[in-house]
Amino acid sequence: MSEFQQLVYASRATFAPTRGHSSIDIEVARILTISKRNNPRRGLVGALYFSNGYFFQCLQGPAQAIDTLYTQLQSDPRHRDVKTLQRKPIAEPSFSEWAMKYVPNASEVRSVLQRFGRSAFDPYSFDAPIVDAMVDLLRLGPDGSARLSAGSEPATVARSWLWPALAAGVAVIILLWAML
Ligand SMILES: Cc1cc2nc3c(=O)[nH]c(=O)nc-3n(C[C@H](O)[C@H](O)[C@H](O)COP(=O)(O)O)c2cc1C
C-alpha cells in the first residue's frame, strides 16, 4: 500500500453561523488557523469546503498522520456525524502547496452539483464520481487548471507584505551605502 493516502469526509457544523467582519465564519477561520499551524509539521495538505452548514474536507498525507488527525477530528465538538466518503492510496499529495486550502461557497461548486443533478450541497449523498469531481474542483479549479477565485492563500506563497518589506530593506541598504 502507498505511503500516502487521501481521505475525504463530510460532517455537519454544530455552531450557528457567525460572520463578524470577515467573509469567513469565525469558527471556520479558527479551524483554518489550527490546520495551517498543525498540518505542515504532520506532512498533511488538503482543502476544506464549508457550505449549507456542511463541511467537506479532503486530507492528503502519510496514512498514520491522517489516522491521528481523523481520530482527533471525530471528537471535535464543532461538528458531528463525520462520514468517510473516500479513503484511498495516492502516489503523492496533489494539494502540495496548501496546508489547508479554504474554498467558500464557490459558484463553480454549484456547476458541479448541477452536472450531477443535485440542487443543493449535501455531501452525505455524494457517491464516488461526485466526490472525485469535488476534489478535482477544489484542487484545480473549474477548468482543470485555474485557481478557484474564492480560495485562501497558499501555504508557501509569499504574503502580501513581503515585497514591500524587501523593497524597504533594499532602499535602506542603498541609503547606508550612499552615506559611506
Ligand atoms: C471541520 C474541521 C476540520 C478540521 N481540520 C483540521 C486540520 O486539517 N488539521 C488540524 O490540525 N486540525 C483540524 N481541525 C481541528 C481538530 O479537530 C483539532 O481541534 C486540532 O487538530 C487540535 O489541535 P491542537 O492539538 O494543536 O490544539 C478541524 C476541525 C474541524 C471541525
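In each ligand, atom 1 is the first atom listed, and ligand 1 is the first ligand listed.
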Charged tip of Arg12 within 45° of Tyr124 ring normal and under 6.0 Å
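Arg12 over Tyr124 ring: yes.
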Exercise. Taking the minimum heavy-atom distance to atom 9 (N) of ligand 1, which of Asn39, Asn38, Leu73 ranks first?
Worked result: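 Residue with the shortest heavy-atom distance to the ligand atom: Asn39.
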What atoms of ligand 1 come within less than 4.0 Å of a heavy atom belonging to Leu59?
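Ligand 1 atoms under the 4.0 Å threshold to Leu59: 8 (O).
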If the cut-off is 4.0 Å to any non-hydrogen atom of Met100, which atoms of ligand 1 fall inside it?
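What qualifies from ligand 1 is 8 (O).
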Decide whether the shortest distance between a heavy atom of [X] and an atom of ligand 1 is less than 4.0 Å.
X     : answer
Glu27 : no
Leu44 : no
Tyr49 : no

- prompt: How are the rings of Tyr9 and Tyr70 set to each other: parallel, tilted or perpendicular (split at 30° and 60°)?
  reply: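 The arrangement is tilted - the two ring planes meet at 30° to 60°.
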query = Under 30°, 30 to 60°, or over 60°: which ring-plane class applies to Phe55 and His79, parallel, tilted or perpendicular?
reply =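 Perpendicular: the ring planes of Phe55 and His79 meet at over 60°.
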Closest approach of any protein heavy atom to atom 18 (C) of ligand 1, naming residue and atom
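The closest heavy atom on the protein side is Asp76 OD2, 3.8 Å.
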Got a sec: does the CD of Gln64 have more than 12 other heavy atoms crowding it under 6.0 Å?
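No, not enclosed.
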Tell me which part of Tyr9 gets within contact of ligand 1: side chain, backbone, both or neither, using heavy atoms under 4.0 Å.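 Under 4.0 Å from ligand 1, Tyr9 contributes side-chain atoms alone.
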*asked:* With side chain to side chain donor-acceptor pair (under 3.5 Å) as the test, pick out the partner of Gln5 among Gln86, Arg87, Lys88.
replied: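 Passing option: Arg87.
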